[in-house]
Structure formats: structure tokens, C-alpha cells
Amino acid sequence: MEAEAALELVKHGATLLLLDVPQNTLIGIDTQMFFSGPNFKGVKMIPPGVHFIYYSSSNREGNEFSPIVGFFVEASSSEVIVKKWDSKDERFVKLSEEEGERYAQAVKKLEFDRQLGPYALDQYGDWKRLSNFITKSTIGRIEPIGGEITIISESEMVGNVHKTAMEEVLAEQLKSSKFSKPDKKSPSNGCYYTSIPRVIKLKGVSGQDLTNMNLDKTHVLETILTKQYGGSEDSLLGELQFAFVAFLMGQSLEAFLQWKLLVSLLLGCTEAPLHTRTQLFTKFIKAIYYQLKIGFQKDSKDTSRAEKGATTSLDESLLSADNFLRHLCKDFFSLVLDAPMVDGDLLTWTRKLRELLERTLGWDFKLDSSVDGMHLEEDDEFAPVLEILDDPDH
């Protein structure tokens, strides 16, 4: 990059100024990660817009890390976000308004320029594909009190939620002994995700109608879109992306469970993709295509991150186990690819997603009754379930 263009980015891009950062602290922004050296004080040249910032403190050797803490921000042009390390709580904290403004002016005078790492603009495209539906409104609606997302606060919240065997393993991994200190006792400041029912439970509806509703989740989707998102399809997609980012970068199990519920809801629809919500499903398939494509990318050039337990890659076993995504995708692919008439964009992105899963995970989506819908395990959570409760809001 030419010096003049770089200077323009320094001036007009946002800056994340981090004070008193201990060495070997993991600092992440979007898909990029840094390990702090003795002179590291943050990141410059950050494009204006939504970003996810996350960090994890390490032991002295730099080979064991505490649970990740992350938060979303919407940075404006030339904004300076100032945080200071609190060594007692091992957290970044805000400065007073007056002190923060003093440091912001110093940044704008380029006094910290040599101590700031540049935002890697060649990775910005990937981040935009992961976050293009996340807005300031999305963040304000979902983020926890205080804004910080961390599994430290999730043990009680997700403890009573039904999880598959692989999700139980993930929960243990995220709280495992690789962390440098035990979980702290903290209030349950979970995210305010939209409630997504796994099965439809309505009073006064016939058993046949309930069965049909559970086989085709279009009715549930329409109800949630109207009541929870004010009819905004992009708001639903924003929550899908928020949850995925919080899981992939922030290692939040609560976020993974919400992402899984949203994916299950959308892939469980048969009427909406082909007739009533084609545009939504085109955007949805495109969104999860990039989530999985970027999530499965391995950084072969930097093995030190993986050795330290610091990665932003998806664990293939998480999606392969329990036939979660495979079951849903197989039925959805058959629905779209075998339809006599289908929107061209939806068809294109559905094919791309199928090819990605076949190439990346080796999944075969050809009809095979021994592994498809004709064969349901006794504990298959995606088998049709009929349950009628007196309280429809329970």
C-alpha cells in the first residue's frame, strides 16, 4: 500500500487503543488475532462499521489461556476506542470520559502510531460476509448487560438446556483445564436471544395440523418474524450472524445453541423457500455458506495459534456428530434441487452450499434410505414431535 493511502486509512479509520496489555495476551478483532508484545497498544486502520473484539489473558509462558471475553462495537470514522487492562480482574475496562478523550487526541496526533498494529484489509471481505446483516440495533437488542460475552457467565444458563453428546463435549472443552485459572463466579449476564421453539405447542389445534406444522416450520417462521422481528427478515439474519460470530470467535456455547436453533428453523421450512420467502432463503443460504466456508478455513501459515489453543476455526466434529446439519441439509437440498420451478439465485447458492459440504466434510447427499429421513434414531432430535400444552407461551 502506498504511504499516502495508508496515511488516509490511519486518519479516517477507527483505532482500538489498549493500554497496559500484558505480553502474550490474545487480542482479536473480527477474523484477525494478535499476540501482544512489549510495545503492543492496539489496532489502527479499522474500517468504520460493526466489529467483534475479543481477548484472552495467558499465563507467563503464554501457552495457557483464560476463557475468551468478547464484545461487539460499531466504530465510526476516525473514532478512537480506548480500553485499559485491569490486572486484578484480568479484563479491559473503560477510562473516564476526560481521560479517554485525552488519549484519543494523542492517537489522532499519531503519538501511538508505531505501537498500533494495522488492521489486515485483505481479510475485511471475509468479515463483511460474516456480519453484513449485523447492525447497531442488532447489537443493542441482543448483547448482555455490560456488553461482554463469555462462557464464564453461561454455565448456569445453558446447564439445563438439552444438548447433544457433542455439545456436552464442547461445553467441557470450553471450560477445560487448558485455561490458566478457574471460572470466576459472575452474574448470569447472558445474551437476549429470540426464543425459538424446537416443536410447535398450541392449544386447541388438531393433532394432524400440529404434525403438519412440525414437518414444515413455515408457520413458526412467519409467527416469529411478525412477533419478534417486526416483520424484518434482515433482523433475523442479523441474529443468526451475531450468534455465529459470538460462537466462532467468542467461544460462546449459548451462541452456538442459538445458531443451531435458527438454522434448524429455517432449514425445516418447505413452503417458505419456494413460495413465500424466497428472497429470505437466498440470503440465508448465502450467509451460512460463508459462515461454514470461512469457519472451516485453516490457517496453515501460522501453527503457533493452534498450538496455543487460539483458533477461529470450526471443529468439523461439532457439525458431523449427531447428524445435526447433515439431516437438515439433505432434506432442504432435495426440496430445492428437485423442485419443478425454483428461483435462480436460491438454486445457485443451494448448489454452492451442497458442494462446499461435500468437499469440506465429505458428506454424500445422494438418496440413501439407511441414513436419510426413512431412518430415524430413537433419540433423533429432528424426528417429528407432537406435544400439546395448555400454555402456548410455555
Side-chain angles (χ1 to χ4, degrees), residues 1 3-124 127 146-150 180 249-250 299 302 304-305 308-310 312:
M1 183 181 297
E4 186 176 342
L7 183 59
E8 284 299 306
L9 281 171
V10 171
K11 289 182 177 180
H12 297 293
T15 301
L16 175 64
L17 181 65
L18 303 174
L19 303 171
D20 301 335
V21 186
Q23 287 194 56
N24 294 316
T25 300
L26 180 154
I27 305 292
I29 177 167
D30 306 339
T31 60
Q32 306 169 38
M33 289 193 296
F34 304 82
F35 286 101
S36 59
N39 299 317
F40 179 85
K41 291 193 181 299
V43 184
K44 61 184 177 180
M45 301 165 62
I46 301 170
V50 168
H51 298 279
F52 186 67
I53 298 167
Y54 49 105
Y55 60 91
S56 173
S57 59
S58 71
N59 59 4
R60 290 185 177 182
E61 292 73 25
N63 56 11
E64 290 187 343
F65 289 81
S66 65
I68 285 178
V69 177
F71 56 92
F72 284 91
V73 297
E74 185 186 50
S76 57
S77 179
S78 302
E79 180 180 1
V80 180
I81 301 167
V82 185
K83 299 278 187 177
K84 184 176 182 179
W85 186 257
D86 184 321
S87 57
K88 180 180 179 181
D89 292 336
E90 296 191 13
R91 296 281 182 97
F92 282 111
V93 297
K94 281 185 177 181
L95 299 179
S96 66
E97 187 174 343
E98 180 181 347
E99 192 175 8
E101 179 59 27
R102 189 170 74 249
Y103 277 108
Q105 290 303 318
V107 168
K108 292 176 181 179
K109 294 177 183 177
L110 305 181
E111 293 179 14
F112 289 99
D113 193 59
R114 292 188 177 183
Q115 296 166 298
L116 300 172
Y119 185 100
L121 294 174
D122 59 342
Q123 297 185 40
Y124 183 56
W127 170 246
E148 291 187 339
I149 300 170
T150 173
S180 60
M249 284 80 170
D299 192 350
D302 187 358
S304 63
R305 292 178 178 177
K308 294 180 178 182
T312 54

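Nearest approach of P47 to L121, heavy atoms of both residues: CG-CD2, 3.8 Å. The nearest pair of heavy atoms linking K44 to D113 is NZ-OD1, 3.1 Å. Nearest heavy-atom pair, G37 versus Q23, reported as atom, atom and distance to 0.1 Å: C-CG, 3.9 Å. Considering all non-hydrogen atoms of both residues, I29 and Y54 come closest at N-CE2, 3.8 Å. The minimum heavy-atom distance between I81 and A75, with the atom names listed, is CD1-CB, 4.4 Å.
Put simply, the side chain of Q32 never gets that close to the backbone of Q123: no donor and acceptor are under 3.5 Å apart. A donor-acceptor pair under 3.5 Å is absent between the side-chain atoms of S66 and the main chain of S56, judged by distance alone.
Counting heavy-atom neighbours within 6.0 Å of K94 NZ, excluding the residue itself, gives a total of 12 or less.
Residues E90 and W85 have side chains in contact (heavy-atom distance under 4.5 Å, counting atoms from C-beta outward). Two residues are said to be in side-chain contact when any heavy atoms from C-beta on lie closer than 4.5 Å; F92 and I27 meet this criterion. Side chains of F112 and T15 form no contact here, defined as non-hydrogen atoms less than 4.5 Å apart. The shortest distance between side-chain heavy atoms of V43 and I53 does not fall below 4.5 Å. Within the 4.5 Å cutoff, the side chain of S76 has no heavy atoms near those of the P48 side chain. Side-chain contact between V80 and Y103: absent, with no pair of heavy atoms (C-beta onward) separated by less than 4.5 Å. Contact check for Y119 versus D30: side-chain heavy atoms found under the 4.5 Å cut-off. With contacts defined as side-chain heavy-atom distances shorter than 4.5 Å, the pair F52/W127 qualifies.
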Yes or no on side-chain contact (heavy atoms from CB on, under 4.5 Å) for K41 and L18, after CA distance, side-chain angles and deciding distance? CA-CA 5 Å; K41 291 193 181 299; L18 303 174; 5.8 Å; no
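Distance check, rounded to the nearest 0.5 Å: CD of Q115 to CG of L17 gives 9.0 Å. Expressed to the nearest 0.5 Å, how far CD1 of I149 lies from CD1 of I68 amounts to 12.0 Å. In this structure, OG1 on T31 lies 11.0 Å from NE2 on H51, to the nearest 0.5 angstrom. Considering CD of E148 and CZ of R91, their distance stands at 4.5 Å, rounded to 0.5 Å. Distance check, rounded to the nearest 0.5 Å: OH of Y124 to CD1 of I46 gives 11.0 Å. Within the model, atoms CG of L26 and OH of Y55 stand 12.0 Å from one another, a figure rounded to the nearest 0.5 Å.
In this structure, K83 forms a cation-pi arrangement with F71, its terminal cationic atom sitting closer than 6.0 Å to the ring centre and no more than 45° off the ring axis.
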